[in-house]
Amino acid sequence: MYQANPARYTSGMKYRRTGRSGVLLPALSLGFWHNFGDVTPEEQSRAIARAAFDAGITHFDLANNYGPAPGAAEARLGRMMADDFRSHRDELFIATKAAYDMWEGPYGSWASRKHLMASLDQSLRRMNLDYVDLFYCHRYDPQTPLEETLQALVDIVRSGKALYVGLSRWPLEAARTGYAYLAAHDVPCLIYQGRLNLFDQAPKTEGTLQAATAAGAGFISFSPLAQGLLTDRYLNGIPADSRMAHDPRFLKAETLTPQLLGRIRRLNDLAAQRGEPLATMALSWILHHTEVTSVIIGASSPQQIQRNLACLESPPFTAEELQTITEILNT
Ligand SMILES: NC(=O)c1ccc[n+]([C@@H]2O[C@H](COP(=O)([O-])OP(=O)(O)OC[C@H]3O[C@@H](n4cnc5c(N)ncnc54)[C@H](OP(=O)(O)O)[C@@H]3O)[C@@H](O)[C@H]2O)c1
């Protein structure tokens, strides 16, 4: 029987306001993309989720297709909601998404009203929930009229099946159209989800970070550790228990070129000079952007979550350190 840590809100977690909304999110959120599917022992997933909640991580990020198999992560959360978190439902901010491939046939993917509505109904059943706090359109669909997708999001909020909606991986102009449409229909976009980390600064250079802020939406960063590359994991080879070794669907060994490894080593040295592990510095670098509401970390153990909390106490970056980072990333 799980007993939540009574000190979960007094042990250091920081909460940040999401854009111009009433919602506070923890600076660190927990993602269910990996380590919550059928290939991970259920007790391991449960220990990770409990460690997160015990540390004040009140935001869980899911999607219809997280697994393997697609749907497995939501089903796992559903069992945890029944066993561990039922009495904590109102302390949790639970997100799910739709628009990537989920089921066979013409309605199992992309961002039609049909797909989004049917997928959310499936997600609620799997997660054992009456509503989600946040529902995202997971990707931009160039074939479906934006108005159809956006009106579906509006209607989903009106139906009470989601409290808020968000956009993920939408290109800049489509996102701007989305913010305007949603605001005009009194369902302002809560948050934009994009990949911002030391190795991928596209949201800054392409402007999706600034556009979210201008629209009053928050910004949440996924894969803040570049799936583990921005840690000490791969400094001396590819450990057997790492994501690259045992689940190379999205993180392939070819990624780890000598040039990339050189950058990781130099970033690791800089982190050591700051007196912290590379993972801590990488998370802290994202959070030093005031437009960022939260980073969604993945974890394969409760210990990784505990270690990553250190970024909340990380010192600010000096101008010299930021300059060194730029130089390292340009080598
Ligand atoms: N919107 C989207 O399209 C989208 C796309 C991708 C992800 N996401 C969301 O973002 C979440 C996070 O993505 P992610 O899992 O790629 O995040 P990440 O934080 O970049 O990578 C997590 C992985 O890094 C390693 N790690 C974590 N802390 C560590 C530490 N202190 N020391 C050494 N290694 C450490 C672990 O890998 P090992 O397994 O090697 O231990 C862990 O599984 C997902 O779960 C999902 O919710 C959204």
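Counting convention: from 1, in listed order, for ligands and their atoms alike. The shown structure was predicted, so the numbers you read here are calculated from the model rather than taken from an experiment. Numbers here simply count residues along the sequence, with the first being 1.
Of all protein heavy atoms, the one closest to atom 44 (C) of ligand 1 is Trp33 CB, 3.3 Å. Regarding atom 21 (O) of ligand 1, its nearest protein heavy-atom neighbour is Gln227 CA, 3.3 Å. Looking from atom 41 (O) of ligand 1 to the surrounding protein, the closest heavy atom is Ser300 OG, 2.6 Å. Among all non-hydrogen protein atoms, the one lying nearest atom 48 (C) of ligand 1 is Gln193 OE1, 3.0 Å. Atom 22 (C) of ligand 1 has as its closest protein heavy atom Gly298 O, 3.4 Å. Among protein heavy atoms, atom 10 (O) of ligand 1 sits closest to Phe222 CB, 3.2 Å. The shortest contact between atom 31 (N) of ligand 1 and any protein heavy atom is with Asn308 OD1, 2.9 Å. Nearest non-hydrogen protein atom to atom 25 (C) of ligand 1 is Gly228 CA, 3.8 Å.
Evaluation of the side chain to side chain donor-acceptor pair (under 3.5 Å) test over residues 190-202, restricted to residues two or more places apart or in two chains, returns Asp61-Gln193, Tyr136-Gln193, Arg195-Asp200.
In this structure, the side chain of Thr255 does not engage the main chain of Leu251 through any donor-acceptor pair within 3.5 Å.
Of the listed residues (His34, Arg195, Arg243), the one carrying the non-hydrogen atom nearest atom 15 (O) of ligand 1 is Arg243.
Residues satisfying the side chain to side chain donor-acceptor pair (under 3.5 Å) test with Arg86, not counting sequence neighbours, are none.
Checked against a 3.5 angstrom limit, the closest N/O atoms of Ala279 and ligand 1 fall outside it.
For Tyr66, the closest heavy-atom approach to ligand 1 falls below 4.0 Å. Contact analysis leaves Ile305 out of contact with ligand 1, as no non-hydrogen atom separation drops below 4.0 angstrom.
The number of heavy-atom neighbours closer than 6.0 Å to OH of Tyr107, taken from other residues, nucleotides and ligands shown, is 12 or below.
Taking the six-membered ring where tryptophan is involved, the planes of His88 and Phe85 are perpendicular, since the angle between them exceeds 60° and thus also 30°.
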